[in-house]
Amino acid sequence: MQIGVLAVQGDFSKHQDMLRQMGIESQLVRTPAVLSKCDGLIIPGGESTTLTTVMQKHGLWQPLQEFGRRKVIFGTCAGLIIMANEVPGHPHATLDLIDITVERNAYGRQVDSFIDKVKLELSGASSVVEGVFIRAPKIKACGTSVRILGYHRQDIVAAENEHILVCTFHPELTGDERLHRYFLHKVSRHIHD
Ligand code: GLN
């Protein structure tokens, strides 16, 4: 199983460290050729506008959209934003891979970064983990194809559809492997389908 981490902008190296801690050596993806060898991909947090511009410059936009329709992508924070189908006020098109409406920088300036408890429900197992929120977006609405996987207070912070897994916080910064493990299971299920 070949896992890629999109490495054009943002905190991709933390995801790679996390996967390494779990015994998985991943590929840093900067070209369509490397992407095409991957079975699953992580799109890290960063700055969604910059991420979009750089992806387009590297010729990765179309290949990523096609990848996400057939294979599994895990998007965290900015990675979630660029895969959402609706981001009101966002100056760029999105990859439109998951039916969620997202508000960027939704916690405002005063509390733009914080750590708080998040409730996850993964494969029938409930857990409470630390969520690191950095200028995080909020998922304001989900379509019927989307399953909710996590909440912070009343807000949806993790969700998935058939191919796409997203969360609004940074699981790669806490050492808690649950979401990454869930992603790896999702990838391996799709390989064997
Ligand atoms: N606020 C950033 C954006 O809108 C996302 C922040 C993050 O990825 N930590 O793209």
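For the single chain, residues carry numbers from 1 onward in sequence order.
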- So L51 and I81, side chain to side chain contact (heavy atoms under 4.5 Å, CB included) or not? Walk me through it. CA-CA 10 Å; L51 200 53; I81 295 168; over 6 Å; no
Within this structure, what is the [atom1]-[atom2] distance for the pair [X] and [Y], rounded to the nearest 0.5 Å?
{"X": "Y151", "Y": "K119", "atom1": "OH", "atom2": "NZ", "value": "10.0 Å"}
{"X": "E172", "Y": "S13", "atom1": "CD", "atom2": "OG", "value": "9.5 Å"}
{"X": "R30", "Y": "L35", "atom1": "CZ", "atom2": "CG", "value": "13.5 Å"}
{"X": "R147", "Y": "L165", "atom1": "CZ", "atom2": "CG", "value": "10.5 Å"}
{"X": "I115", "Y": "I134", "atom1": "CD1", "atom2": "CD1", "value": "8.5 Å"}
{"X": "K14", "Y": "T174", "atom1": "NZ", "atom2": "OG1", "value": "11.5 Å"}

Is it possible for you to say whether [X] and [Y] belong to one hydrophobic cluster, with membership spreading through side-chain heavy-atom contacts below 4.5 Å?
{"X": "V166", "Y": "F183", "answer": "no"}
{"X": "F67", "Y": "L95", "answer": "yes"}
{"X": "M22", "Y": "L122", "answer": "yes"}
{"X": "L19", "Y": "I191", "answer": "yes"}
{"X": "M55", "Y": "V34", "answer": "yes"}

Is the closest side-chain heavy-atom distance between [X] and [Y] below 4.5 Å?
{"X": "P91", "Y": "T49", "value": "yes"}
{"X": "I82", "Y": "H92", "value": "no"}
{"X": "L179", "Y": "F169", "value": "yes"}
{"X": "C167", "Y": "V157", "value": "no"}
{"X": "Q16", "Y": "L28", "value": "yes"}
{"X": "E66", "Y": "Q62", "value": "yes"}
{"X": "E121", "Y": "L149", "value": "no"}
{"X": "F74", "Y": "P171", "value": "yes"}

Using a 3.5 Å cut-off and no angle test, enumerate the donor-acceptor pairs between side-chain atoms of residues 37-45 and protein atoms at least two apart in sequence or in another chain.
residue: D39; atom: OD2; partner: Q2; partner atom: N; Å: 2.6

- Task: Verify the neighbour count for atom NZ of K138: are there more than 12 heavy atoms of other residues, nucleotides or ligands below 6.0 Å?
- Result: yes
- Message: Counting neighbours of NE2 on H185 that are heavy atoms of other residues, nucleotides or ligands and sit closer than 6.0 Å, is the number greater than 12?
- Response: no
Determine the minimum heavy-atom distance between [X] and [Y], stating which atoms define it.
{"X": "G68", "Y": "H163", "result": "O-CB, 3.5 Å"}
{"X": "M18", "Y": "G175", "result": "CE-C, 3.8 Å"}
{"X": "C77", "Y": "P137", "result": "SG-CD, 3.6 Å"}
{"X": "A158", "Y": "I139", "result": "N-CD1, 4.5 Å"}
{"X": "V146", "Y": "A159", "result": "CG1-CB, 3.8 Å"}
{"X": "V118", "Y": "G131", "result": "CG2-CA, 3.9 Å"}

- Item | Residues forming a ring pair (Phe, Tyr, Trp, His ring centres under 6.0 Å) with F114, sequence neighbours excluded | Y107, F133, H152
- Task: May I ask you to check whether H90 and T52 show a side-chain donor-acceptor distance below 3.5 Å?
- Result: no
- Task: Inspect the contact between R135 and E47 and indicate whether a charged nitrogen and a carboxylate oxygen are less than 4.0 angstrom apart.
- Result: yes
- Item | Ionic contact status for R20 with D17, cut-off 4.0 Å | yes
- Task: Could you check N161, D96, L97 and say which one makes a side chain to side chain contact (heavy atoms under 4.5 Å, CB included) with M83?
- Result: L97
- Query: What's the verdict on side chain to side chain contact (heavy atoms under 4.5 Å, CB included) for L6 and L60, showing C-alpha distance, side-chain angles and the deciding distance?
  - Reply: CA-CA 10 Å; L6 188 70; L60 279 161; 4.0 Å; yes
- Message: Using the rule side chain to side chain donor-acceptor pair (under 3.5 Å), only one of H180, H15, H170 pairs with T76; which is it?
- Response: H15
- Message: Using side chain to side chain contact (heavy atoms under 4.5 Å, CB included), reason through T53 and Q9 one step at a time and then give a plain yes or no.
- Response: CA-CA 10 Å; T53 311; Q9 199 260 339; over 6 Å; no
- Task: Output, in order, the C-alpha distance, side-chain angles, deciding distance and verdict of side chain to side chain contact (heavy atoms under 4.5 Å, CB included) for E162 and H190.
- Result: CA-CA 9 Å; E162 193 191 346; H190 272 276; 3.9 Å; yes
